[in-house]
Amino acid sequence: MNSKLVKQFAISACLSVLALLNTSTVMAQDKPASSNAVITIALIGDSTVEDESGWGAAFRERFTDDVKVLNFAKGGASSKNWYSGNRMPAVLKAKPDYVLIQFGHNDQPGKGPERETDPKTTYRDSLQRYVLESRSIGAEPILISSVTRRRFDKDGKIRTSLTPWADATETVAAELGVPFLDLHRRSIELHNRLGPEASMEFNFKEGDLTHFNEKGAAVMADLVIQELKSQVPVLKRFLSSTPRSPKHDSSESTSNRPLMAYVGTFSSPLGDVPPTQVDLPEGNGRGIHLFEVDRESGALDPAGTFDLGSSPDCLVINEARDRLYSSNETDRFGESKQGSVSAFAIDPADGQLTLLNTVSSEGDGPTYVSIHPSGKFLFVANYFSGSIAVLPILSDGRLGNATDVQHDSGKVGPTTATHAPPGSFAISGHDGTHAHMIQSDPSGRFVLHVNLGLDRIFVWKFDATSGKLTPNKPASVALPPGDGPRHFDFHPNGRWLYSIQEEGSTVVLFDYDSANGKLSERQTVSSLPEGYAGSNFCSEILVSKDGRFVYAGNRLHDSVSIFAIQTDGTLRQVGNEWTRGNYPRSFNFDPSGTFLYVCNQRADNVTVFQIDRKSGLLAFTGHYAPVGNPSSITFVDLAASADSVHAQRRVSVPEAHQAVAVDGQSFFAISNRKIAQYDKQSAKRLAVWEAPNDSRIKHLNSGVVIDGRLYCANSNWPAKPLKNSLEIFDAENLKHLQSKPFPEFDGAINWIDRHQDAWWIVFAYYGEAEVRRTKLIRYDDDWNQTGEWTFPESVIQRFLPMSNSGGAFDANGQLYVTGHDHAELYVMNVPADGGELEHVTTLPAPIAGQGIAWDDDQPGSLLGIVRSSHEVIFMRVPRTD
């Protein structure tokens, strides 16, 4: 950081406004006398950066008045002739703090010898010169790859000739330690998403596929800002919260869009609720309350309401973050006593809601909704009727009529809980059967729901094709009589489930067998501080995203208890925090996991707490948001869509059971003994290969296409002796070409990839005692081992009790791996000399483990599967380096 910026950041927050202004004046003395700016940014580039035809003017509008942007870009300039125009002395004289440098368009062949450069030599030399001269005055240079031209191929995808110059820009940035903004990649991704027709709306004039009108300039400036916030985060504080540029429509960049919160409420009470329901809400909410969230402080700023005329008490948002669903507990649907469920579209620009449709919940008092991992079904728990329902989610996000409805039956528990605290009068909820929560397990193969009145957690097998539920064996697990299970949450490793009991004021740890959908109780702890006596009703339970803490809600005691999760999954209470309100019905984390938001139902407020990541403890921020009878809160980050994994396309194919592979024309769905080839564009099935009955091929785990051949990893796991092989096919017609056996080995081959002129294979081990032996091995072309790596504990915990199922290297050399069931991608760095892989990050993803494959023809496109619904998922994955 340069000296002027250091001085500015050193100003104490407690100085008066006058002192701050005086300091800014002193710091600006080195600048032209007319400038009152604290920071100066200089732009160097061609016409795509200029004010008139490029993104420069819109970029300037993104900053507060503390920033001065000087644009030295010149139309027609390349990295070579811009310098010869005597412009660099003017830049140096202005003494900027930052110099942003973007060239490439006019460096290409055909521009004449005075402009053309070689990306490997003269172009690199020019960029290095600008970097070194900027540093000579204490400025920080920032290199930007050139924005793409809007030229599309016959398939509606961008074709670019600028890649060599973009790659050279990134290389120079890495060599000189300069921040790099990849505008080339980001602009390609944007236009591929928008398509040719929408992209033409950016043209400076008709037929101009290079320069920008006002709308196009604003979109490109937002892409630059989005990269700048990531690469030079110190500048984020100078960005304007209310950009002065024109408001963008929903097709534009997401960088300045808000983080939204949606609060469900009790808004219209029933007159015939049984008197034993002592938590009957007064109904003074106003439907769904919308807020913009301050990312730094956690504060909630009201952004409107959507009044349904009912009580949308539980809200859930889909994986694509463009649909919201509400259970309307106190609604009456039609002539019946049934409640309803509503579907909404979320405006991607401002988060406002549009009602799509409302359907029957197929029961009385719908109190909980959740979405199946496939995104195709909504589950509903109907409290008063003790029933659950499955509703299909249609292609446009609307809800269809139920595909299945199940009614609970059995013996109702006693009104006094087995584990009730001393002096408790907690007797509600045991006047009948009451379904309180429903949710699938991480794999989507089983669905669990709790019935508070019956003191049971039920487990169902789920058919993700028909939407039908079938009782599991065993069909349920019992909790102590009267304790009343209310909610549950899975640990990120999928092996532990934590259930909270409303009347018993307990948290119970279950071991979960994901292969069979079986729950085994292992620990019971009180949700209250030690020594507490009196009445309490538990409410919410959540596991932190990092899997280190459990948070349990207590109503009447009005607190959230914090438990540390031990290495074996057991709980140890480490704290208890007053919620600053009455009757905390539920709570939720913001997307970053920085804040916890508590819905205090009877206090008519939402309170905000900051989470200490190390201790798990909560600290009240001082922020309250007034909301009538809040019952649930959920979030959508409208600025995150370009920076998260999302499904671009789903294709249902019966063979999607183990993995998927892909090449330029086709994708290959792989099951244990069958491979089907599909056209990548039309999804028409082209060919099928199935292993002969006497074949040694038993368990095809993954596949990768290399130079026209499909290589599949095959094992006979869990048979003994274990036998592994590579099965090689002609990718054009699926003709089986070769089988390469491996020496007898006690780890199963699960995936293979080609990277850096070497073969990479994972040998997987399963179970608590063995999974840490799973290893990644590198081979040369003669199949001599040249390296070996193990997996870090942070990823092993997510594999358990299974192992590593899929893996593939991206174009930048990072390794992406999957487990067996979880909807996650684990991004790894591979140390050069072997040892332990480095866990970079975990990305939630719309798949369920298994084999994955990068589409080399579409940078950033990754294919995976959801085996429960037999789908191949085309995903857009952000860069993590």
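Every heavy atom of this structure was used, including side-chain atoms; hydrogens, water molecules and symmetry mates were not.
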On a heavy-atom basis, which atom in [X] and which in [Y] lie closest, and how many Å separate them?
{"X": "I438", "Y": "A381", "value": "CG2-N, 3.6 Å"}
{"X": "V662", "Y": "A853", "value": "CG1-CB, 4.1 Å"}
{"X": "C712", "Y": "I675", "value": "SG-CD1, 3.8 Å"}
{"X": "W789", "Y": "G834", "value": "NE1-CA, 3.0 Å"}
{"X": "M875", "Y": "G864", "value": "CE-N, 3.8 Å"}
{"X": "F510", "Y": "S499", "value": "CE1-CB, 4.0 Å"}

Subject >> I847 vs I852, side chain to side chain contact (heavy atoms under 4.5 Å, CB included): CA-CA, chis, key distance, verdict >> reply: CA-CA 9 Å; I847 57 173; I852 55 177; 4.0 Å; yes

Do [X] side-chain atoms and [Y] backbone N/O form a donor-acceptor pair below 3.5 Å?
{"X": "D780", "Y": "N784", "result": "yes"}
{"X": "R673", "Y": "P692", "result": "yes"}
{"X": "S861", "Y": "D855", "result": "no"}
{"X": "T818", "Y": "G806", "result": "yes"}
{"X": "N516", "Y": "K518", "result": "no"}
{"X": "N716", "Y": "K723", "result": "yes"}
{"X": "Q523", "Y": "L571", "result": "yes"}
{"X": "T470", "Y": "K461", "result": "no"}
{"X": "N472", "Y": "G517", "result": "yes"}
{"X": "R456", "Y": "P485", "result": "no"}

**OP:** Report yes or no: is the cationic atom of K740 (NZ for Lys, CZ for Arg) closer than 6.0 Å to the six-membered ring centre of F742, at no more than 45° off its axis?
**Re:**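 Yes, a cation-pi geometry holds between K740 and F742.
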
Original post:
Cationic tip of R649 within the cone over F874's six-membered ring, i.e. under 6.0 Å and within 45° of the normal?
Top reply: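 Flagged: R649 positioned over aromatic ring of F874.
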
Residue pair [X] / [Y], side-chain donor-acceptor N/O under 3.5 Å:
{"X": "H449", "Y": "D408", "value": "yes"}
{"X": "H491", "Y": "N493", "value": "yes"}
{"X": "Q756", "Y": "R778", "value": "no"}
{"X": "Q406", "Y": "D404", "value": "yes"}
{"X": "S739", "Y": "H736", "value": "no"}
{"X": "Q501", "Y": "T506", "value": "yes"}
{"X": "S794", "Y": "Q797", "value": "no"}
{"X": "Q677", "Y": "S666", "value": "yes"}
{"X": "W717", "Y": "N724", "value": "no"}
{"X": "Q814", "Y": "N829", "value": "yes"}
{"X": "S725", "Y": "N714", "value": "yes"}
{"X": "S652", "Y": "K376", "value": "yes"}
{"X": "T774", "Y": "S803", "value": "yes"}

Flag the pair [X] / [Y] as yes when at least one side-chain heavy-atom distance between them is below 4.5 Å, and no otherwise.
{"X": "Y325", "Y": "I393", "result": "yes"}
{"X": "V771", "Y": "Y766", "result": "no"}
{"X": "V660", "Y": "F668", "result": "no"}
{"X": "L542", "Y": "F589", "result": "yes"}
{"X": "I728", "Y": "L710", "result": "no"}
{"X": "Y779", "Y": "T786", "result": "no"}
{"X": "V543", "Y": "P492", "result": "yes"}

**OP:** Measure the acute angle between the ring planes of Y551 and F549, then classify it against the limits of 30° and 60° as parallel, tilted or perpendicular.
**Re:** tilted

**OP:** Please work out whether the ring planes of H755 and W760 are parallel, tilted or perpendicular, with thresholds of 30° and 60°.
**Re:**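 Correct class here is tilted.
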
In this structure, is the centre-to-centre distance between the rings of [Y] and [X] below 6.0 Å?
{"X": "F809", "Y": "W854", "value": "no"}
{"X": "F563", "Y": "Y498", "value": "no"}
{"X": "H372", "Y": "F462", "value": "yes"}
{"X": "W460", "Y": "F446", "value": "no"}
{"X": "Y512", "Y": "F490", "value": "yes"}
{"X": "Y368", "Y": "H487", "value": "yes"}

Charged N to carboxylate O below 4.0 Å: is that the case for [X] and [Y]?
{"X": "E655", "Y": "K674", "value": "no"}
{"X": "R445", "Y": "D821", "value": "yes"}
{"X": "D663", "Y": "R709", "value": "no"}
{"X": "E540", "Y": "R486", "value": "no"}

**OP:** Verify side chain to side chain contact (heavy atoms under 4.5 Å, CB included) between V762 and K775, making sure each step is shown before the conclusion.
**Re:** CA-CA 6 Å; V762 152; K775 61 190 68 177; over 6 Å; no

**OP:** Begin with the C-alpha distance, continue with both residues' side-chain angles, and end with the deciding distance and a verdict on side chain to side chain contact (heavy atoms under 4.5 Å, CB included) for Y816 and D810.
**Re:** CA-CA 7 Å; Y816 286 66; D810 74 358; 3.5 Å; yes

Is it true that, when you exclude [X] itself, more than 12 heavy atoms of the residues, nucleotides or ligands shown sit nearer than 6.0 Å to its [atom1]?
{"X": "D707", "atom1": "CG", "answer": "no"}
{"X": "K735", "atom1": "NZ", "answer": "no"}
{"X": "Q573", "atom1": "CD", "answer": "yes"}

**OP:** Would you please name every residue forming a side-chain contact (heavy atoms from CB on, under 4.5 Å) with S466, sequence neighbours left out?
**Re:** D463, K468

Original post:
When you look at N672 and Q658, which way does the side chain to side chain donor-acceptor pair (under 3.5 Å) test go after all the steps?
Top reply: CA-CA 7 Å; N672 283 332; Q658 291 294 344; 2.7 Å; yes

**OP:** Drop me the distance from L497's CG to L509's CG, to the nearest 0.5 angstrom.
**Re:** 8.5 Å

Original post:
What's the verdict on side chain to side chain donor-acceptor pair (under 3.5 Å) for W751 and N804, showing C-alpha distance, side-chain angles and the deciding distance?
Top reply: CA-CA 9 Å; W751 61 264; N804 173 214; 2.8 Å; yes

